[in-house]
Peer 1: 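Here it is, the structure, as structure tokens.
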Amino acid sequence: MSRMLLGCHLSISGGLDQAIARAEELKINALQIFSHNARSWKMTPLKPDDAQKFIERRQRSKVEYAVIHTIYLINLASPDPKNFQLSVQALNDEIERAGALKIPHVNTHIGAHLGQGIEQGLERVVEALERVLASPQAKSAPDVKILLENCSGEGSELGARFEELGFVLQNINKNKNNRRVGVCLDTCHAFAAGYDLTTPQGLEKTLTELERTVGLERVALIHLNDSKFPLGSRRDRHEHIGQGPIGSEGFRLIVNHLALRDKPFILETPKDDEQSDPMNLARVWALRYDN
Ligand code: MN
Ligand code: MN
Ligand code: ZN
């Protein structure tokens with residue numbers, strides 16, 4: 001039996017390789033990063049030296065799993081042509097970076113329909129992803145997968161319902177199951193979107209729905225977050241593990257479930273102070289039966 005893959009979203013301040021240093025300090029074997037300032041479209045090109053430093057530092061560490069989270073500005077459903085183009089370009093650039101950093105996954109929110117309606121919005125997302133997959137950047141990094149994250153459904157956000165993610169997966173390149181696209185399950189977002197995870201029956205029902213719409217084997221990453229708001233609130237506010245309505249018993253079920261236990265788990269819990277990450281990690285480790 002192998003140790004669970006568990007880590008946190010970590011800062012790259014001081015350089016990409018500093019995220020690995022932080023992971024070592026926390027004794028974690030998985031991490032997530034923004035590859036650059038997450039609130040800006042501007043992406044300064046990755047220097048080959050910085051990529052090399054990151055790769056070498058990682059090889060010397062125990063970090064087995066890494067993922068890039070895209071910037072929050074991306075809206076693959078945008079009805080505005082300029083914003084749509086910027087979103088496609090930003091995702092292309094993240095894939096190119098992931099390739100250069102030997103990071104296997106780029107995780108993204110799919111976006112918001114902004115009044116077009118869900119169906120129209122999802123069609124835009126399909127078109128965006130087809131463009132991305134046909135881009136020179138995606139072709140230059142054939143091992144990098146795109147993960148579509150479920151969301152809480154605030155405003156006109158798409159991807160709160162698993163069938164919306166399923167629709168996108170099934171329609172990319174005309175129903176040809178595209179193996180370069182998978183899914184990330186965020187526990188806070190799922191719960192806020194109305195999927196119960198807190199009882200064995202609730203979790204079973206949620207996972208059956210995920211299997212039916214997306215396929216559990218396509219879920220490549222779990223974001224492990226408690227929620228500040230109740231089931232179905234459609235609010236995206238993360239809470240420390242066990243301190244929200246998902247609760248310790250919910251997370252005990254999630255991290256030990258046979259369908260989920262071998263997938264990488266990444267915490268995106270609040271960072272109130274430097275004790276926050278060690279505290280949340282310790283809570284999850286304590287819930288795992290084989291740790
Ligand atoms: Mn996210
Ligand atoms: Mn998330
Ligand atoms: Zn969130």
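Every number for a ligand or one of its atoms is a count from 1 in the order of the listing. FYI, side chains are in, hydrogens and waters are out, and symmetry mates aren't considered; it's all heavy atoms of this structure. Every value quoted in this text rests on a predicted model; they were computed, and no experiment measured them.
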Peer 1: If you measure only the distance, is there a donor-acceptor pair under 3.5 Å linking the side chains of H189 and N150?
Peer 2: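 Side-chain D/A pair, H189 to N150: absent.
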Peer 1: To the nearest 10°, what's the angle at the Zn ion (ligand 3) between atoms NE2 (H189) and OD2 (D236)?
Peer 2: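 Value, to the nearest 10 degrees: 90°.
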Peer 1: Check the side chains of E149 and H223 for a donor-acceptor pair under 3.5 angstrom, ignoring hydrogens and angles.
Peer 2: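 Yes, a side-chain donor-acceptor pair sits under 3.5 Å.
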Peer 1: Identify the heavy atoms of L224 and I241 that sit nearest to each other, and give their distance.
Peer 2: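 Closest heavy-atom pair between L224 and I241: O-CD1, 3.7 Å.
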Peer 1: Between the side chains of R131 and E127, is the shortest nitrogen-to-carboxylate-oxygen separation below 4.0 Å, so that they form an ion pair?
Peer 2: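 Here E127 pairs with R131 in a salt bridge, since their nearest N and O are under 4.0 Å apart.
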Peer 1: How about S78 and D80: does a side-chain donor come under 3.5 Å of a side-chain acceptor?
Peer 2: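 Absent: no donor and acceptor within the cut-off.
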Peer 1: Between Q243 and R283, do the side chains contain a donor N or O and an acceptor N or O under 3.5 Å apart?
Peer 2: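 Note: R283 and Q243 side chains meet the donor-acceptor criterion.
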Peer 1: How about H238: does one of its N, O or S atoms come closer than 2.8 Å to the Zn ion (ligand 3)?
Peer 2: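 So H238 counts as coordinating the Zn ion (ligand 3), yes.
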Peer 1: Assess the side chains of Q116 and E123: does a donor N or O sit below 3.5 Å from an acceptor N or O?
Peer 2: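 Distance-only check fails for Q116 and E123.
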Peer 1: Under 2.8 Å from the Mn ion (ligand 2), which protein N/O/S atoms are there?
Peer 2: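 Only E149 OE2, D186 OD2, H223 ND1, E268 OE1 fall inside 2.8 Å of the Mn ion (ligand 2).
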Peer 1: Any N/O/S atom of C151 sitting less than 2.8 Å from the Mn ion (ligand 1), backbone or side chain?
Peer 2: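 No N, O or S atom of C151 is closer than 2.8 Å to the Mn ion (ligand 1), so no.
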